[in-house]
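We name chains A, B, ... by the order of the sequence lines, and we start the count at 1 in each one. The shown structure was predicted, so the numbers you read here are calculated from the model rather than taken from an experiment.
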Amino acid sequence: MFQKEQQNLANQIRDILQDQDISLPGELEWAPIPFSGEWGIATSFYKTAALEARSGKSVQIPRRAEEIASLVADKLPPWDLFPRVEAVNGYLNCYFDPHLFSARVVKRVLSEEDFGQGDPQGETLMVEYSQPNTHKAFHVGHLRSAILGDAVCRILDFAGYDVIRANYFGDMGLHVIKWLWNYLDRHEGETPPEDATRWMGDLYAEANRRLEDHPELETEIRELYGRWDSQDPEIVALWEKTRQWSVDGFQKLYDELDIHFDRLYANSEVEFQGKELVDNLIEKGIAEDLRPDDAVIVRLDDLLGLKKEKYRVLVVLRSDGTALYATEDLALAKLKFEEYPLDRSIYVVDVRQSLHFQQVWKTLEIAGYEWAERCQHLSYELVNLPGNVVMASREGTVVLLEDLIREAKERAYQVVEEKNPDLSDQQKTEIARAVGLGSIKFPMLDRENTRIVTFDWESALDFNGQAAPYIQYAHVRANSILKKEPEISLEVLEPAYDLDETEVALIETLAQYPAVVQNAARELKPLHITNALYETARAFNAFYRAAPVLTADPAVKAFRLQLVEASRRVLCSGLGLLGIEAPRVM
RNA sequence: GCCCUCGUAGCUCAAUGGACAGAGCACCGGACUUCUAAUCCGACGGUUGCAGGUUCGAUUCCUGCCGAGGGCGCCA
């Protein structure tokens with residue numbers, strides 16, 4: 001957050017080096033000084049020395065880097081912001097004046113409406129995530145896309161991008177037909193109970209079991225699919241009604257998780273457009289129509305003249321003319337760019353569909369849609385059960401989301417009861433929700449997207465250590481101090497006392513928050529937020545232990561209260577970016 | 001066969017190509033008359049899968065191998 005100071009410093013260094021006929025290889029790169037208790041920024045001159053070496057001078061790079069660093073350290077004029085400058089190992093360490101800078105950081109956090117919020121980037125992004133299938137259960141395996149996509153949207157939005165949140169329902173396909181068949185056969189006239197999504201899933205599982213036991217019933221399925229294709233009004237009406245049951249059920253879950261969307265797409269919506277697009281591909285000679293014996297295919301590698309197989313062959317329409325997922329995805333990609341002025345279109349979908357998306361977008365690119373290259377797959381690994389069991393609705397190896405949420409809240413409630421029995425029941429319930437949901441979301445966000453999450457109850461509901469409750473608790477601690485001193489001045493004065501090292505460390509993490517937000521947005525990685533937030537919480541806890549606030553001398557107290565408020569804001573803001581609530585009490 | 005991802009402490013995971021590779025969990029030993037101990041402090045723990053290469057410098061980039069998982073024309 002000291003870009004201006006860095007720039008000034010960099011300019012001075014550039015001048016000094018120019019006088020010596022030394023040229024920089026590019027912009028100087030600054031990083032925080034990595035030693036604990038030390039506070040400032042550092043840059044190194046290895047690249048500068050390496051540039052000299054490459055230009056023909058015979059220099060030993062490490063020694064030369066050291067030389068340059070010392071030279072700069074000697075010539076740099078004294079500056080109140082950086083009272084101490086030293087050259088070590090080819091690095092130039094510029095130490096902040098702790099009083100000046102701490103005041104500046106705290107002042108900035110307190111003066112801004114939303115500290116860390118980025119300037120408008122002038123880029124419009126669509127993020128598609130969650131993508132549940134109607135007429136099926138919603139289980140823990142589906143959760144990562146929803147939680148990851150939601151966090152990415154929150155981060156992008158905060159970082160200054162214009163974000164459109166999209167969902168894409170799988171509301172038609174073989175699974176839906178199976179469900180409708182079983183419903184008509186066994187459950188006609190029934191309406192869903194309170195827990196509609198579970199019931200929808202149960203009926204789907206029942207349909208699968210029946211078909212497995214009696215494969216001959218497949219003919220009935222095909223017959224029913226035919227009635228759908230010919231838009232038999234009775235079937236269409238039933239589909240619309242039952243589909244809504246699922247959609248309403250999903251909405252309840254999304255509300256519970258505080259996950260929301262701006263635009264709901266459905267594959268039934270793009271089925272027809274997809275077929276049209278395929279016709280168009282055939283006309284252009286991009287797709288080969290091999291019907292009725294074979295499907296409609298796009299030979300991507302041949303079209304691109306690739307010798308080694310890379311994109312392979314994409315089937316864009318079944319031989320009987322019915323639509324595939326690919327058919328619909330072609331149309332959906334196009335529809336998104338027609339509806340919105342998108343700079344990028346991001347798909348939060350698991351890694352197994354990686355090739356599929358490469359194929360779809362490459363096909364569109366060949367067809368001349370210039371926006372196709374602005375489609376991006378944010379792939380993530382699956383959520384497994386212990387023993388490397390993949391969740392599958394058909395095999396019954398699932399943990400239902402409803403169950404997970406209920407259990408998480410129950411366990412959190414028990415802990416609140418134990419820690420804080422005097423709270424009202426309503427308060428306990430609210431805390432249990434915040435902590436329970438946080439403990440579900442955090443494990444999906446605090447690791448690389450490309451890593452498999454192994455879900456087990458024990459670790460998901462372990463409220464200790466590097467997890468959401470740790471951060472929430474730090475927030476609670478800040479609040480409990482502020483509760484006792486509700487009137488704090490936002491006029492930040494330079495602290496007129498020797499700062500405790502825990503204060504310096506805490507202020508350091510606060511100062512880095514805006515840069516972390518930008519980095520997380522740029523790389524689409526909520527992991528950067530969880531890391532930074534954990535560091536802030538840890539620094540706050542250390543401060544909390546070492547530096548008394550309420551009992552301190554008035555001048556010390558005044559500044560520390562402001563620091564507590566600044567910390568509280570950053571903790572709350574960061575949790576918000578993850579879609580996790582920051583309770584005031586717990 | 002081709003392609004993708006992963007391999008770091010006993011376990012789960014971090015680390016813009018930079019300074020001694022860091023946390024949590026587990027185990028062991030400490031700290032509540034305090035702004036709430038859902039906390040903190042200490043100890044233990046490493047040939048970053050292996051072998052090369054690029055670089056002043058590699059956990060990070062490249063190549064090969066080993067191991068795990070995943071994908072590859074009418075599922076989504």
Side-chain angles (χ1 to χ4, degrees), chain A residues 29 31 33-35 42 44 46-47 49-50 53 59-65 88-91 93 131 133 170 173-175 267 290-291 294-299 308-320 322 324-329 349-356 358-359 379 381-382 384 388 390 412 415-416 418-420 435 443 446-454 459 462-467 469-470 472-474 476-485 515 519 522-523 527-528 530-531 534-535 538 541-542 544-552 560 564 585-586:
Chain A
E29 290 167 17
I33 295 171
F35 312 111
S44 78
Y46 287 98
K47 287 202 174 82
V59 293
Q60 242 197 322
I61 290 173
R63 187 179 303 169
R64 181 60 180 155
V88 181
N89 291 336
Y91 284 83
N93 295 333
Q131 306 107 341
N133 285 325
L174 199 56
H175 71 282
N267 60 358
L290 305 175
R291 287 175 294 179
D294 207 340
V296 180
I297 61 170
V298 179
R299 296 183 199 272
K308 228 159 123 179
E309 50 181 0
K310 181 171 181 189
Y311 295 102
R312 301 162 189 273
V313 174
L314 178 65
V315 178
V316 291
L317 205 61
R318 287 200 188 90
S319 47
D320 65 4
T322 56
L324 286 155
Y325 193 57
T327 322
E328 291 153 357
D329 248 335
V349 182
D350 77 68
V351 64
R352 292 177 302 185
Q353 294 186 34
S354 190
L355 176 61
H356 165 78
Q358 297 313 313
Q359 292 177 321
S379 76
E381 263 295 354
L382 301 182
N384 283 351
N388 205 19
V390 179
V415 179
V416 186
E418 185 187 313
K419 306 280 180 193
N420 243 328
V435 173
D446 80 330
R447 65 195 61 213
E448 283 286 352
N449 302 331
T450 50
R451 290 194 97 98
I452 294 169
V453 172
T454 299
S459 64
D462 183 358
F463 300 141
N464 297 314
Q466 204 166 349
Y470 180 88
Q472 291 170 317
Y473 186 62
V476 166
R477 281 179 142 182
N479 259 307
S480 71
I481 293 174
L482 296 166
K483 244 184 339 209
K484 301 194 173 169
E485 283 288 343
N519 202 23
R522 193 169 42 248
E523 296 185 5
L527 163 69
H528 293 313
T530 61
N531 275 346
Y534 177 71
E535 283 308 316
R538 210 152 67 101
N541 278 325
Y544 183 91
R545 178 186 60 84
V549 177
L550 298 176
T551 57
R560 285 189 178 161
V564 171
V585 189
M586 66 188 267

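- Using a 4.0 Å heavy-atom criterion, one finds that A:Gln353 contacts the bases of the nucleic acid, with or without backbone contacts as well.
- Taking A:Glu523 as the reference, A:Asn519, A:Lys525, A:His528 meet the side chain to side chain contact (heavy atoms under 4.5 Å, CB included) condition, with sequence neighbours excluded.
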Which letter, B, S or -, goes with each nucleotide of nucleotides 5-17 of chain B from 5' to 3', with contact meaning a protein heavy atom under 4.0 Å? SSS----SSSSB-

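- Taking A:Tyr473 as the reference, nothing meets the ring pair (Phe, Tyr, Trp, His ring centres under 6.0 Å) condition, with sequence neighbours excluded.
- By the side chain to side chain donor-acceptor pair (under 3.5 Å) test, A:Arg63 is found to be paired with A:Gln60, residues two or more places apart in sequence or in another chain being considered.
- When heavy atoms are screened at a 4.0 angstrom cut-off, A:His175 is found touching no nucleic acid atom at all.
- Atom C1' of B:G24 sits at a distance of 10 Å from the matching atom of B:A14, rounded to the whole Å.
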Distances under 3.5 Å only, N/O to N/O: pair up the protein atoms with those of nucleotides 72-74 of chain B.
from: B:C72; atom 1: O2'; to: A:Arg312; atom 2: NE; distance (Å): 3.4
from: B:C72; atom 1: O2'; to: A:Arg312; atom 2: NH1; distance (Å): 3.2
from: B:C72; atom 1: O2; to: A:Arg312; atom 2: NH1; distance (Å): 3.1
from: B:C72; atom 1: O2; to: A:Arg312; atom 2: NH2; distance (Å): 3.3
from: B:C74; atom 1: O2'; to: A:Arg318; atom 2: NE; distance (Å): 3.3
from: B:C74; atom 1: O2; to: A:Ser319; atom 2: N; distance (Å): 2.9
from: B:C74; atom 1: O2; to: A:Ser319; atom 2: OG; distance (Å): 3.3
from: B:C74; atom 1: N3; to: A:Ser319; atom 2: OG; distance (Å): 3.2
from: B:C74; atom 1: N4; to: A:Asp294; atom 2: OD1; distance (Å): 3.3

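- Taking the P atom of each, B:U48 and B:C11 are spaced 16 Å apart, rounded to whole Å.
- A syn base is found at B:C32: its glycosidic angle is within 90° of 0.
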Passes side chain to side chain contact (heavy atoms under 4.5 Å, CB included), A:Leu314 versus A:Arg299? Steps please. CA-CA 7 Å; A:Leu314 178 65; A:Arg299 296 183 199 272; over 6 Å; no

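- Comparing the C1' positions of B:C56 and B:G49 gives an interatomic distance of 27 Å, to the nearest angstrom.
- Taking the syn range as angles within 90° of 0, the glycosidic angle of B:G73 is syn.
- Applying the 4.0 Å criterion to OP1 and OP2 of B:C2, one finds that A:Lys310 has every side-chain N and O outside that range.
- In this structure, the side chain to side chain contact (heavy atoms under 4.5 Å, CB included) partners of A:Asn267, at least two apart in sequence or on a different chain, are A:Tyr168, A:Asp171, A:Met172, A:Glu328.
- With sequence neighbours left out, the side chain to side chain contact (heavy atoms under 4.5 Å, CB included) criterion links A:Asn479 to A:His475, A:Arg568, A:Arg584.
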Find every protein N or O atom lying less than 3.5 Å from an N or O atom of nucleotides 33-44 of chain B, and list the pairs.
from: B:C35; atom 1: O3'; to: A:Lys484; atom 2: NZ; distance (Å): 3.1
from: B:C35; atom 1: O2'; to: A:Ser480; atom 2: OG; distance (Å): 3.2
from: B:C35; atom 1: O2; to: A:Leu550; atom 2: N; distance (Å): 3.3
from: B:C35; atom 1: N3; to: A:Val549; atom 2: N; distance (Å): 3.2
from: B:C35; atom 1: N4; to: A:Tyr544; atom 2: O; distance (Å): 2.2
from: B:C35; atom 1: N4; to: A:Ala547; atom 2: O; distance (Å): 3.0
from: B:U36; atom 1: OP1; to: A:Ser480; atom 2: OG; distance (Å): 2.8
from: B:U36; atom 1: O5'; to: A:Tyr544; atom 2: OH; distance (Å): 3.4
from: B:U36; atom 1: O2'; to: A:Tyr473; atom 2: OH; distance (Å): 2.8
from: B:U36; atom 1: N3; to: A:Asn420; atom 2: ND2; distance (Å): 3.3
from: B:U36; atom 1: N3; to: A:Met586; atom 2: O; distance (Å): 3.2
from: B:U36; atom 1: O4; to: A:Asn420; atom 2: ND2; distance (Å): 3.4
from: B:U36; atom 1: O4; to: A:Met586; atom 2: N; distance (Å): 3.4
from: B:U36; atom 1: O4; to: A:Met586; atom 2: O; distance (Å): 3.0
from: B:A37; atom 1: OP2; to: A:Arg477; atom 2: NH2; distance (Å): 2.8
from: B:A38; atom 1: OP1; to: A:Tyr473; atom 2: OH; distance (Å): 3.2
from: B:A38; atom 1: OP2; to: A:Lys419; atom 2: NZ; distance (Å): 3.0
from: B:U39; atom 1: O3'; to: A:Asn541; atom 2: ND2; distance (Å): 3.4
from: B:U39; atom 1: O2'; to: A:Arg477; atom 2: NH1; distance (Å): 2.8
from: B:U39; atom 1: O2'; to: A:Arg477; atom 2: NH2; distance (Å): 3.3
from: B:C40; atom 1: OP1; to: A:Tyr470; atom 2: OH; distance (Å): 2.3
from: B:C40; atom 1: O2'; to: A:Arg545; atom 2: NE; distance (Å): 2.5

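- At a threshold of 4.0 angstrom between heavy atoms, the contacts of A:Asp350 with the nucleic acid are absent.
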Please tabulate the protein-to-nucleotide N/O contacts below 3.5 Å involving nucleotides 58-61 of chain B, giving atom names and distances.
none

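- Across B:U5 and B:A23, the matching C1' atoms stand 24 Å from one another, rounded to whole Å.
- Among the atoms of the strands shown, base atoms are found under 4.0 Å from some heavy atom of A:Ala42.
- Taking A:His356 as the reference, A:Tyr325 meet the ring pair (Phe, Tyr, Trp, His ring centres under 6.0 Å) condition, with sequence neighbours excluded.
- For A:Val415, the side chain to side chain contact (heavy atoms under 4.5 Å, CB included) partners at least two apart in sequence or on another chain are A:Lys419, A:Phe463.
- Paired regions of RNA chain B, where each region holds three or more successive Watson-Crick or G-U pairs whose two hydrogen-bonding distances fall under 3.5 Å, are B:1-7 with B:66-72, B:10-13 with B:22-25, B:28-31 with B:39-42, B:49-53 with B:61-65.
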